[in-house]
Amino acid sequence: MAFSLANSTLFSKPSIFLHRRSLAFCLHFSSISTALPSDKVHSPRKWRHPVAASLVELGGVKIAREEIVKDDPTNNVPDSIFSKLGMQLHRRGQHPLGILKNAIFDYFDTNYPNKFNKFDDLCPIVSVKVNFDDVLVPADHVSRSYNDTYYVDSQTVLRCHTSAHQAELLREGHTHFLVTGDVYRRDSIDSTHYPVFHQMEGVRVFTPADWEGSDTDATSYAAEDLKKCLEGLARHLFGGVEMRWIDTYFPFTNPSFELEIFFQEKWLEVLGCGVMEQEILKRSGRTDNVAWAFGLGLERLAMVLFDIPDIRLFWTTDERFTSQFSKGQLGVKFKPFSKYPPCYKDMSFWISDSFTENNLCEVVRGIAGDLVEEVKLIDNFTNKKGMTSHCYRIAYRSMERSLTDEEINDLQWKVREQVESKLKVVLR
């Protein structure tokens, strides 16, 4: 379950792209078999503005840009996000995310042999129902808003957590499973946030035979087993660290917990988890069962384990980054290959009632791509007429080379133009 508030038919070689059917295939079939993306990636000589491809391939099913990026009021998916579909960093064995995923798989294979089914290629284009309704996200929850989630249309989204596949897998009869995948959320811009990241969810279902005779009730039995499992996982990844459990709230589990470890002289949140709400099991036809679920963010843990300081680095193809990591080598410390200077540009404007910071970040990312390091509100005030002004500082920095004044100025002018026209603000 994605705690961050976040099969039956194979299509291996479709020969013809059918405009409407391909997206329907992706929505209908949750598991797609295909060859892994190549680990051999090359560093571009010079950064260019991202050019969106007209097609992406998700497990052998070709999806056209016009299926996902539409000139429609119910669609808010930009080209920069469409270009990330199908990249599947978590399936690259020499990538830090793939190394971490496989280390977690190794833990479950060793401690629960032949029990957990693993899914890491499920289609990220899902219905609103499976993304929200099936995991009991309230109808008025902020995560459902267009400000937070990427909508393809009013009933279809880019999944914002791997929990989107939970109900389907339960209905198909799976009782022990791990789901890993890329997830999408509109978010702020800084060193730890990116609109595409990767999650892993784990679920284990128990039958009455498991807890009967244990001198404890079903919920307590599942909670105890969950904590034992995840404490073992934390030791597998981080060594003999001190741990603590924090009671918390998630709409899809009760009771709910967060696991924290004391690592590098501070407490670090590792994951969220809990005993699955009975309503989810009931809807899946499992009225006599109990289950636990957990969810973790791969980037969050990988940044700590590999000492990676900026989340954008996971997407770089620069060989000075990619060559530092090898399959099966968990926790190799990243050696910074250069520290190029940032360039700061401030922008002030009178906001409108519809203004949101996430919308601003989408505009900036759409123009500057991964050259933007941070967008930060540094000042705001309201005048006597009730008009509110915001001043944002934009930090531009490449991780691969020094930026020129000319290209930074060009980017900033484009940002200003787009912010004014798209966000209906008045520049100061």
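Being a predicted model, the structure only gives us computed values, none of them experimental.
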Under 4.0 Å between a side-chain nitrogen and a carboxylate oxygen: does that hold for [X] and [Y]?
X: Glu407; Y: Arg401; value: yes
X: Arg65; Y: Asp79; value: yes
X: Arg283; Y: Glu279; value: yes
X: Asp182; Y: Lys84; value: no

Q: May I have the step-by-step check of salt bridge (charged side-chain N to carboxylate O under 4.0 Å, His left out) for Glu373 and Arg312, ending in yes or no?
A: CA-CA 8 Å; Glu373 180 176 72; Arg312 293 176 297 164; 3.4 Å; yes
No-hydrogen, no-angle side-chain donor-acceptor test under 3.5 Å, [X] and [Y]:
X: Thr74; Y: Asp72; answer: yes
X: Gln418; Y: Lys422; answer: yes
X: Gln412; Y: Tyr396; answer: yes
X: Asp318; Y: Thr316; answer: no
X: Gln199; Y: His161; answer: no
X: Thr248; Y: Ser256; answer: no
X: Gln94; Y: Ser326; answer: no
X: Asn359; Y: Arg186; answer: yes
X: Asp148; Y: Ser143; answer: no
X: Asp370; Y: Tyr194; answer: yes

Q: Apply the test ring-ring contact (aromatic ring centres under 6.0 Å, His included) to residues Phe334 and Phe306: give CA-CA distance (whole Å), side-chain angles for both, the deciding distance (0.1 Å), then the verdict.
A: CA-CA 6 Å; Phe334 168 64; Phe306 294 95; 9.9 Å; no
Q.
Arg300: which residues meet the salt bridge (Lys or Arg N to Asp or Glu O under 4.0 Å) condition with it, sequence neighbours left out?
A.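 Testing Arg300 for salt bridge (Lys or Arg N to Asp or Glu O under 4.0 Å), a comparison that skips the adjacent residues, returns none.
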Q: Go through the structure and list residues passing salt bridge (Lys or Arg N to Asp or Glu O under 4.0 Å) with Arg204, not counting sequence neighbours.
A: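 Partners of Arg204 by the salt bridge (Lys or Arg N to Asp or Glu O under 4.0 Å) criterion, ordered by chain and then number, come out as Asp225.
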Q.
Take a 6.0 Å sphere around CG of Asn383 and say whether it holds more than 12 heavy atoms from other residues, nucleotides or ligands.
A.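 Result for CG/Asn383: enclosed.
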Q | Check: Trp292 ring centre within less than 6.0 Å of Phe252 ring centre | A |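 That pair fails the under 6.0 Å test.
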Q: Would you list the pairs meeting salt bridge (charged side-chain N to carboxylate O under 4.0 Å, His left out) in which at least one residue belongs to residues 340-362, sequence neighbours left out?
A: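 Residue pairs with at least one partner in residues 340-362: Asp346-Arg393.
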Q) Stepwise, does the salt bridge (charged side-chain N to carboxylate O under 4.0 Å, His left out) test hold for Asp190 with Lys376? A) CA-CA 8 Å; Asp190 59 37; Lys376 183 178 181 180; over 6 Å; no
Name the atoms and distances for all side-chain donor-acceptor pairs under 3.5 Å in residues 229-238, with sequence neighbours left out.
{"residue": "Glu231", "atom": "OE2", "partner": "Trp245", "partner atom": "NE1", "Å": "2.8"}
{"residue": "His236", "atom": "NE2", "partner": "Ala103", "partner atom": "O", "Å": "3.0"}

Q. Say you draw a straight line from CZ of Phe262 to CZ of Arg244; how long is it, rounded to the nearest 0.5 Å?
A.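 Here the rounded value is 9.0 Å.
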Q | Distance in Å, Asn131 CG paired with Arg144 CZ, rounded so as to fall on 0.5 Å steps | A |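 Nearest 0.5 Å value for the CG-CZ distance: 8.5 Å.
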Q.
For the backbone of Leu403 and the side chain of Tyr340, can you confirm whether one donor and one acceptor N or O come within less than 3.5 Å of each other?
A.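 No, the answer is negative, given that no donor and acceptor are paired below the 3.5 Å cut-off.
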Q.
Test your reading of the model: is there a side-chain donor-acceptor pair from Gln88 to the backbone of Asp121, 3.5 Å cut-off?
A.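 Between the backbone of Asp121 and the side chain of Gln88 there is no qualifying donor-acceptor contact (under 3.5 Å).
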Q. Just checking, Arg416 and Trp413: is the charged tip under 6.0 Å from the six-membered ring centre and within 45° of the axis?
A.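 Ring-cation test returns yes.
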Q.
Applying ring pair (Phe, Tyr, Trp, His ring centres under 6.0 Å), can you list everything that pairs with Tyr146, at least two apart in sequence or on another chain?
A.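 For Tyr146, the residues satisfying ring pair (Phe, Tyr, Trp, His ring centres under 6.0 Å) (neighbours in sequence not counted) are Tyr151.
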Q) Who are the ring pair (Phe, Tyr, Trp, His ring centres under 6.0 Å) partners of Phe105, not counting sequence neighbours? A)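 Testing Phe105 for ring pair (Phe, Tyr, Trp, His ring centres under 6.0 Å), a comparison that skips the adjacent residues, returns none.
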Q | Beyond-backbone contact of Tyr150 with Pro78, side-chain heavy atoms, under 4.5 angstrom | A |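 Of all side-chain heavy-atom pairs linking Pro78 with Tyr150, at least one is under 4.5 Å.
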